[in-house]
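Everything below concerns the one structure shown next.
Reminder, nothing fancy here: chain letters follow the sequence lines and each chain counts from 1. All values below come from the heavy atoms of this structure, side chains included, with hydrogens, waters and symmetry mates left out.
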There are 2 protein chains.
Amino acid sequence: MQERLAGEGSAPLYMRVRDQLAIRIEEGSLTPNTRLPSERILADEYGTTRVTARLALAQLEAEGRIFRSNRRGWFVSPPRLIYKPTQDYSFSENVISQGRIPATETLDVTPTEINAWLATRTGLAVGDPIVWLRRRRQIDGRPVLVENIYLNPKRLPAIETYDFNRSLWKLLREQYGVELQGKHIEMYPTALVGPQANALGVTIGTAGLYVTRCSHDAEGGFVEFDEEFWLHDALSIQVEVY
Amino acid sequence: MQERLAGEGSAPLYMRVRDQLAIRIEEGSLTPNTRLPSERILADEYGTTRVTARLALAQLEAEGRIFRSNRRGWFVSPPRLIYKPTQDYSFSENVISQGRIPATETLDVTPTEINAWLATRTGLAVGDPIVWLRRRRQIDGRPVLVENIYLNPKRLPAIETYDFNRSLWKLLREQYGVELQGKHIEMYPTALVGPQANALGVTIGTAGLYVTRCSHDAEGGFVEFDEEFWLHDALSIQVEVY
DNA sequence: AAGTGGTCTAGACCACCAC
DNA sequence: TGGTGGTCTAGACCACTTG
């Protein structure tokens, strides 16, 4: 048990603990993907309680500098993936080009019907057939996003029979001759809840970024609607306008 | 003091409290910008403690459904502003076009010099003169973002003598004949800290979205570099690609 | 089996804001 | 001045993960 942190009484204790941890991360004594000391040990080291240690950890988490994994502990966040929604079509190629290792897991493939919410986004009619695909994607072994993909079976016959643990974009191009032309992208920060939080193995309420993408082909027909739930510390978005 | 919330023991108490509050928001008994009952009253109503009530509130805050203002209380979030970085040039016009009321306050105008960080982003040299402008912008009276704007005084002589409580984009066009041509935009979710949290009157660590924009004119010369710190629940970003 | 984070209690004092 | 959220203590039990 250490002495309590010196302080002029100015900054709250949990922020002074945060600052100490931030220094340890910047210095490099804590490197990306390494585990931090446990909450109890941190509380002890800094002469405080778990509640206060957790405030400090939550602060660093909000800044995107550390993350937690299930009940396994707190880890230093790796660098953000640069994502250019106007240019990038392939998650895997993008991850590889940044010197990291991608992985994709198919969680679910379900033929179903268009509901009211999807109808307004896809331009199809309520009750039309649609194929619902759920995937989880990883960078360097860390799950960073889950996605719901809705594929138009009229444009993509027998799509549900293919292997989805690869690039969907290549599948569409090579098997169906689809050249994606226009995209409508919408995104905003929000919390991860329910199935998304579960699939990523994070606590309900973890900060995330919600991204939707609606793609059409060269003839303007609806091809694919994509809904992505990212960990908020995993990406940085870049857009070029000319 | 009410009975404790019924529950099958499945969901944590704070999530059941969250659900009750979410229902009150959806039903309309709590409408945008109205204050929620105080933490102590909520704890009492749901037969629990302030810590648990705060967990429920923090969850709704993370989802972008409620926000807090200084020590004044918790409020229901208004709808997100739709922001199209590839099209929108004027904050004010965009806000008005969505039926809401914008306001802009100039916090600071400081002539200074390019540092290393700015040099890599602007293409100018370390030590070059630059004008640093800080503004706070509101929607319907709520501060939603603060921005650091760095203006090139070589391209914009005497820029520091103008009134900045108006559209900067119009000022550049009307006074300097600048037609902004290209933009490089980068954004990622992070926490609001330090001067930004202070200027917005929010707690350090509040979730935010960090946006930078580097603008060039038709000749490709550097004109303006902009750094924006948004409240995470205040905007939704849309990008169209053709 | 031991250790982790997740949840929760029942208090306390403080700084700040509105009245 | 009274009420608000912000911070903090000192515990507790639980679910889950890991060796």
Open item on the list: Pairing check on C/dT9: which nucleotide meets the Watson-Crick or G-U wobble criteria with it, both distances under 3.5 Å?
Closed with: D/dA10
Open item on the list: Under 4.0 Å, heavy atoms only, any strand: does B/R40 hit a base, just the sugar-phosphate, or nothing?
Closed with: base
Task: Enclosure of A/L107 CG (heavy-atom neighbours >12, cutoff 6.0 Å) - done: yes
Open item on the list: I'd like to know if the side chain of A/R18 reaches the main chain of A/A56, judged simply by a donor and an acceptor atom lying under 3.5 Å from each other, with no hydrogens or angles considered.
Closed with: no
Open item on the list: If you only use heavy atoms from C-beta on, which nucleotide in C/dT4, C/dC16, C/dT9 is closest to the side chain of B/T52?
Closed with: C/dT9
Open item on the list: Within a 6.0 Å radius of atom CH2 on A/W169, are there more than 12 heavy atoms belonging to other residues, nucleotides or ligands?
Closed with: yes
Open item on the list: Tell me the interatomic distance from A/L55, atom CG, to D/dT9, atom P, rounded to whole angstroms.
Closed with: 10 Å
- [ ] Please examine the side chains of B/T212 and B/Y188, heavy atoms only from C-beta on, and report whether any two atoms are closer than 4.5 Å.
- [x] no
Task: Euclidean distance, atom CZ of residue B/F75 to atom C1' of D/dG5 [Å, nearest integer] - done: 11 Å
Open item on the list: Among C/dG5, C/dC13, D/dC8, which nucleotide has an atom closest to any side-chain atom of A/R50?
Closed with: C/dG5
- [ ] Kindly point out which of D/dG6, D/dC13, D/dT9 is positioned nearest to the side chain of A/L13?
- [x] D/dT9
- [ ] Check every atom of D/dG5, C/dA10, C/dG6 against the side chain of B/W74 and return the nucleotide holding the closest atom.
- [x] D/dG5
- [ ] Check the distance between D/dG19's P and A/R35's CZ and give it to me in whole angstrom.
- [x] 10 Å
Open item on the list: Does A/S38 reach a base, just sugar-phosphate, or nothing at all? Heavy atoms under 4.0 Å.
Closed with: sugar-phosphate
- [ ] Rounded to the nearest angstrom, tell me the gap between atom CD in A/E39 and atom P in D/dG11.
- [x] 17 Å
Task: 5'-most by nearest nucleotide on DNA chain D - B/S69 or A/M15 - done: B/S69
- [ ] Answer yes or no on whether A/R142 is positioned over the face of A/F75, meaning its NZ or CZ is under 6.0 Å from the six-membered ring centre and within 45° of the axis.
- [x] no
Open item on the list: Please pick, from C/dC13, D/dT7, C/dC8, the nucleotide with the shortest atom-to-atom distance to any side-chain atom of B/T203.
Closed with: D/dT7
- [ ] Nearest whole angstrom, please: distance from the C1' of C/dT7 to the OH of B/Y46.
- [x] 19 Å
- [ ] Can you tell me the distance, in whole Å, between the CD1 atom of B/I41 and the P atom of D/dG2?
- [x] 17 Å
- [ ] Give the rounded distance in Å between these two atoms: CD1 of B/I204 and P of C/dC16.
- [x] 12 Å
TODO: May I ask you to establish whether A/R54 and A/Y14 are in a cation-pi arrangement, using a distance under 6.0 Å from NZ or CZ to the six-membered ring centre and at most 45° from the ring axis?
DONE: no
Task: Between C/dC16 (C1') and B/R71 (CZ): distance, integer Å - done: 5 Å
Task: Options C/dT7, D/dG5, D/dT7, nucleotide nearest the side-chain atoms of A/Y14 - done: D/dT7
Open item on the list: Any N or O donor-acceptor pair under 3.5 Å from the base of D/dG6 to the side chain of B/R54?
Closed with: no
Task: Distance below 4.0 Å between B/T48 side-chain N/O and C/dT9 OP1 or OP2 - done: yes
Open item on the list: Can you tell me which nucleotide in D/dT7, D/dG6, C/dA18 comes closest to the side chain of B/R68?
Closed with: D/dG6
